[in-house]
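What follows is one structure encoded as structure tokens, with my remarks underneath.
Keep in mind that this is a model prediction, so the values were computed, not measured.
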Amino acid sequence: MAEAALDVRGARILVVDDVPANLDVLCQSLEAADYRVEVATDGASAIRIAAESTPDLILMDVVMPGIDGFETCRRLKAGDSTREIAVLFLTGKGDTVEIVEGFQAGGVDYIVKPFQKEEVLVRVRTHLERARLTRELKDKNRDLQEEIHRRQIATSERN
């Protein structure tokens, strides 16, 4: 029996790229899939926008003027409000050294340019579903911990 996919429509995605054509294609594809899209054209703007709006996911180019994608990701992972946001890198290279550096910076996946719209949508959906399930699991774990604590208090009060 196949599991039903989680509904991730309406998720907020920040797309970070300094190439207008890439932004246009990504925004059109993501918006057509019912995602809400914000745009940044450099790392500093991405950090500011992510801190203000806390997107569900970030698609980020590696090579940008100023702060590159890896350093931007490191700074996002250092921030309390942006630490948990999944970052998927967009890159023209995709060689092993760059991929490893991206994972070390805190990225969760890579999409190699030129990208296929279908690949982008599948990877975005996969990471949004994973993030939602992780949040739900953390919430349930917190609730269970609170219930255990309440029971321990009740037991100690009876004894």
>> V25 vs V120, test: side-chain contact (heavy atoms from CB on, under 4.5 Å). Steps then yes/no.
In response: CA-CA 11 Å; V25 169; V120 172; over 6 Å; no
>> Just verifying a value: how many Å separate E38 CD and S53 OG, rounded to the nearest 0.5 Å?
In response: 3.5 Å
> Rounded to the nearest 0.5 Å, how far does OG1 of T155 lie from CD1 of I148?
Replying inline: 11.5 Å
>> Check the orientation of F89 and Y110. Use parallel for under 30°, tilted for 30 to 60°, and perpendicular for over 60°.
In response: tilted
> From I47 CD1 over to T82 OG1, what is the distance, rounded to the nearest 0.5 angstrom?
Replying inline: 8.0 Å
> Taking 4.0 angstrom as the limit, do R150 and E147 come out as a salt bridge?
Replying inline: yes
> Looking at OG1 of T54 and CG of L14, how far apart are the two atoms once the value is rounded to the nearest 0.5 Å?
Replying inline: 10.5 Å
> How about R132 and R135: do any of their side-chain heavy atoms sit closer than 4.5 Å?
Replying inline: yes
> Between E98 and V62, which heavy-atom pair has the shortest distance, and what is it?
Replying inline: OE2-CG1, 3.8 Å
> Would you say the side chain of I85 lies within less than 4.5 Å of the side chain of L76, judging by non-hydrogen atoms?
Replying inline: no
> What closest approach, in Å, do C27 and V37 show between heavy atoms, and which atom pair accounts for it?
Replying inline: SG-CG1, 3.6 Å
> Side-chain heavy atoms under 4.5 angstrom apart, residues restricted to Ile, Leu, Val, Met, Phe, Trp, Tyr: same cluster for I13 and V8?
Replying inline: yes
> At their closest point, which heavy atom of V16 faces which heavy atom of A46, and how far apart are they?
Replying inline: CG2-CB, 3.6 Å
> Going by heavy atoms in the side chains, are D17 and L90 under 4.5 Å from each other?
Replying inline: yes
>> Do I58 and V124 land in one hydrophobic cluster if side-chain heavy atoms of ILVMFWY residues count as linked below 4.5 Å?
In response: no
> Ignoring hydrogens and geometry, is there a side-chain-to-backbone donor-acceptor pair from K77 to T72 under 3.5 Å?
Replying inline: no
> Taking C-beta and beyond as the side chain, do L121 and L30 meet within less than 4.5 Å on heavy atoms?
Replying inline: yes
> Minimum heavy-atom separation for C73 to G106, with atom names?
Replying inline: SG-C, 3.7 Å
>> Can you give me the closest heavy-atom contact between A78 and R83, atom names plus distance?
In response: O-NH2, 3.2 Å
>> Is it the case that over 12 heavy atoms from other parts of the model lie below 6.0 angstrom from the CZ atom of R151?
In response: no
>> If hydrophobic clusters are built by linking Ile, Leu, Val, Met, Phe, Trp and Tyr wherever their side-chain heavy atoms come under 4.5 Å apart, do V112 and L57 end up in the same one?
In response: no
> Are any side-chain N or O atoms of R12 and backbone N or O atoms of R36, one a donor and one an acceptor, separated by less than 3.5 Å?
Replying inline: no
> Any idea which heavy atoms bring D68 and E71 closest together, and the distance?
Replying inline: OD1-N, 2.8 Å
> According to a 4.5 Å side-chain heavy-atom criterion applied to Ile, Leu, Val, Met, Phe, Trp and Tyr, with indirect links allowed, do F70 and I99 form part of one hydrophobic cluster?
Replying inline: yes
>> One pair to check against side-chain contact (heavy atoms from CB on, under 4.5 Å): Y35 and L128. What are the steps and the verdict?
In response: CA-CA 11 Å; Y35 296 117; L128 286 170; 3.4 Å; yes
> Where the side chain of S45 meets the backbone of T41, is there a donor-acceptor pair that is under 3.5 Å apart?
Replying inline: no
>> Would you say NZ of K113 has more than 12 non-hydrogen atoms from neighbouring residues, nucleotides or ligands within 6.0 angstrom?
In response: yes
>> Measuring from atom CG of D61 to atom CG of L23, what distance do you get when rounded to the nearest 0.5 angstrom?
In response: 9.0 Å
>> Nearest 0.5 Å, please: how far is CG in D42 from CD1 in I67?
In response: 7.5 Å
> So does Q116 have more than 12 non-hydrogen atoms from other groups sitting under 6.0 Å from CD?
Replying inline: no
> Would you call K140-D143 a salt bridge at under 4.0 Å N-O?
Replying inline: no
>> According to a hydrophobic-cluster definition based on side-chain heavy atoms being under 4.5 Å apart (Ile, Leu, Val, Met, Phe, Trp, Tyr only), do V15 and V87 belong together?
In response: no
> Is D109 paired with R130 through a side-chain N to carboxylate O contact shorter than 4.0 Å?
Replying inline: no
